[in-house]
Amino acid sequence: MAPPAADIDLAVRPAEHQVTTKVRSRAESGSRLQKPLVSSGSLEQYEHASVTPVIGEEFPTLQLSEILHDDTKVRDLAILVSQRGVVFFRNQDLNIDDQKVLGQKLGELTGKPETSKLHRHALSNSKRGIAVDENGKLDDEVSVISSEQNRTYYKDRFGATSKRLASEGWHADITFERIPSDYAILKVHTLPADGTGGDTLWASGYEAYDRLSPAWQSFAEGLTATHHQPNFNRVAQQFGAALIDTARGAPENTGLDFAASHPVVRTNPVTGWKSLFGAAHQLEHGWIDGVTARESDILKAYFLQVIAENHDLQVRFKWERNDVAVWDNRSVFHTATNDYVGKRQGNRVVSLGEKPFFDGGSVSRREALAGRGE
Ligand SMILES: O=C(O)CCC(=O)C(=O)O
Ligand SMILES: [Fe+2]
């Protein structure tokens with residue numbers, strides 16, 4: 001009997017996707033930070049609490065609009081988001097223009113390259129005709145997160161008859177871009193009418209890295225992975241949806257290949273901590289570079305398992321109207337929950353950061369909190 005195709009396929013991926021497997025250094029990243037940032041403590045005056053020990057912080061009363069024009073506080077917020085992975089704010093009055101200002105400032109005040117602006121999503125942009133406010137405003141720098149659009153474009157995952165594993169939803173945003181995201185801000189203004197469903201979960205990439213053995217940690221640190229998103233071209237063809245193919249928030253983010261190679265372990269410049277990055281759903285159609293297809297599948301499956309099956313490195317957020325979540329796409333993964341039938345909609349602003357890099361001198365989160373490498 002012939003062996004299964006996967007076992008005889010010892011080739012690396014197709015020639016058009018051959019990339020250098022060199023892990024990018026800090027100097028090549030474009031980040032303006034040479035060392036991690038330390039909070040001034042300016043947010044300590046506001047009520048806040050950790051949601052779990054590993055990930056998630058919540059401010060139950062602070063309005064982001066109150067701190068938007070105070071650069072010290074916005075910088076401290078960015079540092080907190082990078083440390084805690086995701087930060088939640090309840091019932092916010094932040095309008096869409098201010099949400100964009102905040103999105104750009106978080107990275108600007110923490111050393112992102114000058115050419116990195118707000119992301120213009122190839123598919124989730126103004127061409128879809130969904131307004132970002134009550135005046136009918138259309139904006140390419142806002143991705144409308146829409147249950148109706150998801151059910152149309154991604155029917156097998158978001159349709160009511162889906163039998164897919166929910167854990168397939170774990171991802172970090174837009175990692176197929178050469179310049180991916182640092183921070184994202186999501187405000188959900190419309191929730192399922194029966195008052196339940198549509199929670200979002202986040203998982204710590206720092207803790208995922210910390211759960212690998214030292215041998216696997218150093219192995220992973222030497223790898224790069226190609227992140228690939230073929231769905232946009234499929235949707236464009238199937239639904240005649242035009243895509244944005246130029247300057248999606250940074251000069252490097254052009255074209256319609258939606259594939260980019262990044263280090264598997266990434267240093268977050270703001271915390272200085274190492275995070276598992278080349279993992280989860282953004283690699284579903286991608287691969288670990290420079291290894292056989294079979295080896296790539298094994299690594300991908302294990303990294304996804306560490307993220308999806310360790311509920312103690314995850315946090316689950318139950319949205320109420322106008323709540324806001326701010327997360328660091330460099331160091332956390334997240335997934336929507338498709339367990340509702342009604343309409344759910346929100347506005348997401350995604351900021352672009354540095355080119356992902358790995359600094360061998362950086363530390364893990366556990367090491368940093370234990371007081372080593374500070
Ligand atoms: O709808 C959600 O809960 C999250 C969707 C998502 O992945 C995002 O906003 O980046
Ligand atoms: Fe996302």
Side-chain angles (χ1 to χ4, degrees), residues 55-56 81 85-89 92 94 96 99-100 102-103 106 118-125 128 130 132 139 141-154 157-159 162 164 166-177 180-192 196-205 227 229 231-232 235 248-249 258 277 279-284 304 307-308 314-353:
I55 181 171
V81 172
V86 57
V87 182
F88 306 113
F89 301 88
Q92 295 294 296
L94 195 70
I96 189 60
Q99 188 177 336
K100 288 174 57 175
L102 181 62
L106 287 170
L118 297 182
H119 190 236
R120 297 162 75 230
H121 198 276
L123 179 64
S124 296
N125 55 50
R128 306 291 83 79
I130 312 179
V132 301
D139 193 330
E141 291 180 336
V142 178
S143 303
V144 176
I145 304 298
S146 151
S147 53
E148 288 161 344
Q149 189 175 276
N150 282 340
R151 285 173 195 141
T152 306
Y153 289 165
Y154 307 105
R157 279 190 51 221
F158 290 92
S162 172
R164 303 270 295 258
S167 57
E168 288 176 27
W170 285 107
H171 68 281
D173 296 323
I174 65 149
T175 62
F176 49 80
E177 297 282 22
S181 164
D182 50 7
Y183 298 101
I185 308 174
L186 175 61
K187 179 174 181 180
V188 174
H189 56 73
T190 303
L191 286 159
T196 186
D199 298 354
T200 308
L201 287 83
W202 284 261
S204 171
H227 300 232
Q229 176 51 283
N231 270 318
F232 305 155
V235 169
R248 293 185 295 264
F258 306 116
F277 182 66
H281 185 70
Q282 66 266 36
L283 284 196
E284 183 184 337
L304 177 63
I307 293 159
Q314 302 170 3
V315 61
R316 180 172 184 138
F317 185 62
K318 187 165 181 53
W319 296 90
E320 288 173 40
R321 188 163 188 268
N322 291 331
D323 288 347
V324 166
V326 187
W327 66 92
D328 189 326
N329 267 314
R330 296 171 287 206
S331 309
V332 296
F333 302 89
H334 60 281
T335 182
T337 307
N338 177 41
D339 58 352
Y340 58 94
V341 287
K343 180 174 168 172
R344 177 179 179 277
Q345 193 168 308
N347 289 326
R348 188 190 67 175
V349 167
V350 172
S351 155
L352 300 183

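When a ligand or atom number is given, it counts from 1 through the structure's own listing order. All heavy atoms count here, side chains included; hydrogens, waters and symmetry mates do not.
- For the pair Asn322 and His189, the minimum side-chain heavy-atom distance is below 4.5 Å.
- Nearest heavy-atom pair across Trp170 and Ser167 is CD1-O, 3.2 Å.
- With a 4.5 Å cut-off on side-chain heavy atoms, Leu352 and Glu177 do not count as touching.
- Every protein residue with a heavy atom nearer than 4.0 Å to ligand 1 is included here: Ile145, His171, Asp173, Leu186, Thr200, Trp327, His334, Ala336, Arg344, Arg348.
- With hydrogens and angles ignored, the 3.5 Å screen pairs a side-chain donor or acceptor of Lys187 with a backbone N or O of Leu94.
- The ring pair (Phe, Tyr, Trp, His ring centres under 6.0 Å) check on Phe258 picks up Phe176, Phe232, with sequence neighbours excluded.
- Residues meeting the salt bridge (charged side-chain N to carboxylate O under 4.0 Å, His left out) test with Arg321, sequence neighbours left out: none.
- Listed by chain and residue number, the protein N/O/S atoms under 2.8 Å of the Fe ion (ligand 2) are His171 NE2, Asp173 OD1, His334 NE2, with waters left out.
- Between His171 and His281, the ring planes lie perpendicular to each other; the angle is over 60°, past the 30° to 60° tilted range.
- Annotation: the span from His119 atom NE2 to Asp173 atom CG amounts to 9.5 Å, rounded to 0.5 Å.
- Note that OG1 of Thr337 is 5.5 Å distant from CG of Asp199, once rounded to the nearest 0.5 Å.
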